[in-house]
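First the structure, in the form of structure tokens, and then the observations on it.
Computed from heavy atoms alone, side chains included, the values below leave out hydrogens, waters and symmetry copies. Residue numbers start from 1 in every chain, and the chains themselves are labelled A, B, ... in the order their sequence lines are given, proteins ahead of strands.
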Amino acid sequence: EVAKAFINHFYSTLDSNPSALAGLYQPTSVLTFEGTKFEGPEAIMKKYCDLGEVAHNVPMLTTEVQMSVNAQSMLIFVTGQLKIGATGNPLLFSQVFQLVSTGPGAYYVHNDMFRLLY
Amino acid sequence: MAEPPFEQVGKAFVQHYYNTFDTNRAALASLYQDQSMFSWEGEKIQGQAQIIQKLTSLPFQQVAHQVTSIDCHPTAGDGVLVFVCGNLKVEGEAADRPPLKYSQSFVLSPLPGGAGYWVLNDIFRLNYG
């Protein structure tokens, strides 16, 4: 439901127009990307834009969801494949999001952690 | 540079969790409460008793977790979000078989009076290439 819609939106935006991701984050949001921390929408969006050409295999993602610390927060755990550049081999990745609701149907990403799996 | 407290909490927890898992799985019970939620390979389980029942009935006796990365963030409600990636070695597997890759995410929630943390959320996935 909410989680699936978010995941579809997140990865299609990331793959086609990463600068539009800024709207999903707030100043308190934190991304850890392969062990490096980025805080706030601008830093996070810049990191995603700097990845260059990337394509996530959205239909094949596995997504797990659990309600978290309170009724407004949701833990989402994704594993799947992505390709970097036009000719890259598929790489396995795993990503964790903590979504927090600010009102009916409105969410932002409070925590975001990404790891490639070697 | 000193490590922020949530990093220390996260790392200490991961070490304790996998040591206990690999030596005495039933002792993990004290880390879970009735509201704890566990997903194991897509199967959703809630509550301390059910979670321990699942963990102790997994189809292997001996296992060793080798952690390759731990990421920690503070999250809502003074919780700690922990994301672990690593390898799993299961008993009886030949030493030259490539290890099973896994990733696991926990949200830790503080116990009253600063007595420690319990596991609110736990999601485990094996990662196949």
Side-chain angles (χ1 to χ4, degrees), chain A residues 3-4 7 25-26 28-40 44 57 60-83 89-102 107-118, chain B residues 1 3-4 6-7 10-11 35-47 51 66-88 98-110 117-129:
Chain A
K4 290 230 155 72
I7 292 299
Y25 297 91
Q26 290 200 357
T28 48
S29 302
V30 184
L31 162 67
T32 298
F33 191 95
E34 286 287 294
T36 308
K37 278 198 161 81
F38 301 88
E39 291 189 32
I44 294 173
N57 190 342
M60 298 282 294
L61 295 175
T62 60
T63 307
E64 312 247 16
V65 190
Q66 290 179 358
M67 289 314 297
S68 190
V69 223
N70 49 45
Q72 288 78 41
S73 39
M74 189 184 308
L75 180 68
I76 304 181
F77 183 86
V78 181
T79 49
Q81 291 185 347
L82 57 78
K83 283 188 189 192
N89 286 328
L91 296 169
L92 257 193
F93 78 94
S94 191
Q95 190 156 13
V96 175
F97 302 92
Q98 180 86 300
L99 286 195
V100 174
S101 170
T102 51
Y107 288 85
Y108 77 93
V109 178
H110 186 71
N111 303 101
D112 182 350
M113 297 173 164
F114 173 93
R115 281 274 173 191
L116 284 170
L117 303 166
Y118 304 104
Chain B
M1 194 173 74
E3 233 178 17
F6 60 85
E7 289 272 355
K11 288 184 173 160
Q35 308 98 297
S36 299
M37 284 167 282
F38 179 43
S39 289
W40 198 85
E41 287 290 290
E43 188 187 332
K44 278 184 150 73
I45 300 156
Q46 175 146 4
I51 294 172
Q66 297 159 345
V67 171
T68 50
S69 67
I70 307 177
D71 294 316
C72 305
H73 284 177
T75 190
D78 289 330
V80 181
L81 172 65
V82 183
F83 180 36
V84 182
C85 298
N87 296 317
L88 217 48
L100 284 172
K101 290 196 277 263
Y102 78 93
S103 44
Q104 189 158 15
S105 181
F106 303 93
V107 173
L108 306 180
S109 196
Y117 289 81
W118 57 282
V119 178
L120 169 64
N121 301 105
D122 181 348
I123 302 180
F124 175 91
R125 272 274 170 198
L126 289 169
N127 304 121
Y128 310 101

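Looking only at heavy-atom pairs under 4.5 Å with chain A, the residue among B/Gly77, B/Ser103, B/Ser109 that has the most is B/Ser103. Counting heavy-atom pairs closer than 4.5 Å to chain B, the top-ranked of the candidates A/Thr79, A/Val30, A/Thr28 is A/Val30. Comparing B/Leu81, B/Ile70, B/Leu120, B/Thr68 by how many heavy-atom pairs each has under 4.5 Å with chain A, the most go to B/Leu81. The most heavy-atom pairs under 4.5 Å with chain B, out of A/Gly80, A/Ser68, A/Pro90, come from A/Ser68.
Contact check for B/Phe83 versus A/Phe114: no side-chain heavy atoms found under the 4.5 Å cut-off.
Residue A/Gln95 touches chain B through its backbone alone, counting heavy-atom pairs closer than 4.5 Å. Contact annotation for A/Val69: both backbone and side-chain heavy atoms come within less than 4.5 Å of a heavy atom of chain B. Of the two parts of A/Asn111, the backbone and the side chain both hold a non-hydrogen atom closer than 4.5 Å to a non-hydrogen atom of chain B. Within the 4.5 angstrom heavy-atom criterion, no atom of A/Asn89 approaches chain B. For chain B, the nearby part of A/Thr62 is the side chain; its heavy atoms alone come within less than 4.5 Å. Residue B/Gln46: no heavy atom, backbone or side chain, is found under 4.5 Å from chain A. For A/Leu31, the part sitting under 4.5 Å from any heavy atom of chain B is the backbone (N, CA, C, O) and nothing else.
A donor-acceptor pair under 3.5 Å is absent between the side-chain atoms of B/Asn127 and the main chain of A/Phe93, judged by distance alone. Counting only distance, with no hydrogens or angles, the side chain of B/Lys44 and the backbone of A/Val65 share a donor-acceptor pair below 3.5 Å.
Not a single salt bridge (Lys or Arg N to Asp or Glu O under 4.0 Å) links B/Asp122 to another residue, sequence neighbours left out.
In this structure, B/Asp78 places its CG atom where only 12 or fewer heavy-atom neighbours from other residues, nucleotides or ligands lie under 6.0 Å away. Heavy atoms of other residues, nucleotides or ligands lying less than 6.0 angstrom from NZ of A/Lys4 number 12 at most.
Interatomic distance, CG of A/Leu117 versus CG of B/Leu126, reported as 11.5 Å (0.5 Å rounding). Rounding to the nearest 0.5 Å gives a distance of 3.5 Å between CZ of A/Arg115 and OG of B/Ser69.
Among all heavy-atom pairs drawn from A/Lys37 and B/Phe6, the shortest one is NZ-CE1, 3.9 Å. B/Ser105 and A/Leu75 make their closest contact through OG-CD1, 4.2 Å (heavy atoms, listed as atom of the first residue, atom of the second, distance). When all heavy atoms are compared, the tightest approach of B/Pro74 to A/His110 is O-NE2, 4.3 Å. Minimum heavy-atom separation, B/Asp71 to A/Met113: O-CE, 3.4 Å. A/Glu64 and B/Gly42 make their closest contact through OE2-N, 3.1 Å (heavy atoms, listed as atom of the first residue, atom of the second, distance).
Side-chain atoms of B/His73 and A/Thr32 form a donor-acceptor pair, as typed in the model, at a separation below 3.5 Å.
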